[in-house]
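Report on one structure; see the data block that follows.
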Amino acid sequence: MIPRRTARQTSLSSLQPAEQSMTGPLEDAVAIEPNARVVEFIAKPEKTDELRGLLCRAVTPLLRDRTGFIRSIVLTTHGQQRSVVMITLWSTEEHAMRDPWEETPLLRKLLSPLIDVWSRARTYKVDLTAETEAHSQAISLPFADRFPDGSQQVSCGYR
């Protein structure tokens with residue numbers, strides 16, 4: 001059994017955007033048998049970009065200290081702009097299943113003003129394919145966006 005780690009207490013005001021990639025390279029996950037936790041949200045109207053940014057710059061830093069966390073990916077459905085999915089990759093099935101990060105009080109408080117519906121959470125076994133040249137070039141691109149208020153969003157993607 002994997003020991004549970006004590007959650008550290010973090011105030012919402014102390015969360016800062018990451019200056020660099022916050023997790024190990026995805027290639028490191030190939031050596032293990034990763035699993036994914038997929039959490040789906042429906043953002044409140046006009047809050048999708050803010051939700052995506054918060055998932056990247058606040059939730060991902062909180063998860064990186066958890067045992068087994070590899071990295072996160074945030075997706076928005078093209079046809080349904082309010083539908084947001086966060087995929088977190090974990091080193092084992094137990095890590096992916098035992099710690100429902102989306103249910104912690106801090107994250108509920110942080111995300112609730114931006115979410116209409118906490119749709120569902122599921123876990124999956126992940127099979128990673130070999131990296132291609134196009135993939136190598138794509139992940140080396142800098143990812144940064146600006147919110148309408150001018151603040152910068154640091155992506156969950158590679159830097």
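Position 1 is the first residue of the sequence; numbering continues from there.
In terms of the salt bridge (charged side-chain N to carboxylate O under 4.0 Å, His left out) criterion, residue partners of K47 (sequence neighbours excluded) are, by chain and number, E50.
Here the side chains of S72 and V59 are not in contact, with every heavy-atom distance at 4.5 Å or above. W90 is not listed as a side-chain neighbour of T123, based on a closest heavy-atom distance of 4.5 Å or more. Residues K44 and L114 are not in side-chain contact: their nearest non-hydrogen atoms beyond the backbone lie 4.5 Å or more apart.
In this structure, the separation between CD1 on I115 and CG on L110 is 9.0 Å, given to the nearest 0.5 Å. Between the NE2 atom of H78 and the OG atom of S83 there is a distance of 11.5 Å, given to the nearest 0.5 Å. Atom CZ of residue R98 and atom CD of residue E93 lie 12.5 Å apart, to the nearest 0.5 angstrom. With rounding to the nearest 0.5 angstrom, the OG1 atom of T104 is 8.0 Å from the CD atom of E102. With rounding to the nearest 0.5 Å, the separation of CE in M97 from CG in N35 is 9.0 Å. Here OG1 of T67 is found 5.5 Å from NE2 of H95. Values are rounded to the nearest 0.5 Å.
Residue pairs meeting the ring pair (Phe, Tyr, Trp, His ring centres under 6.0 Å) criterion with at least one member in residues 102-129, sequence neighbours excluded: F41-W118.
Between Q80 and T76, the closest heavy-atom pair is O-CG2, 4.4 Å. T60 and M86 get closest at one heavy-atom pair: OG1-CE, 3.5 Å. Between V74 and C56, the shortest heavy-atom contact is CG2-SG, 3.8 Å. The heavy-atom pair separating A36 from L89 by the smallest distance is CB-CD2, 3.8 Å. Closest of all the heavy-atom pairs between T48 and A43 is OG1-CB, 3.6 Å. Here the closest heavy-atom approach between residue L107 and residue L62 is recorded as CD2-CD1, 3.5 Å.
Although no hydrogens or angles enter the test, the distance criterion places no donor-acceptor pair under 3.5 Å between the side chain of R122 and the main chain of V38.
Tracing side-chain contacts under 4.5 Å through hydrophobic residues (I, L, V, M, F, W, Y), one never reaches I42 starting from V39; they form parts of separate clusters. Cluster membership for L55 and L106, using ILVMFWY side-chain heavy atoms within less than 4.5 angstrom, is shared. Under the 4.5 Å side-chain heavy-atom criterion for ILVMFWY residues, a single connected hydrophobic cluster contains both V85 and I73.
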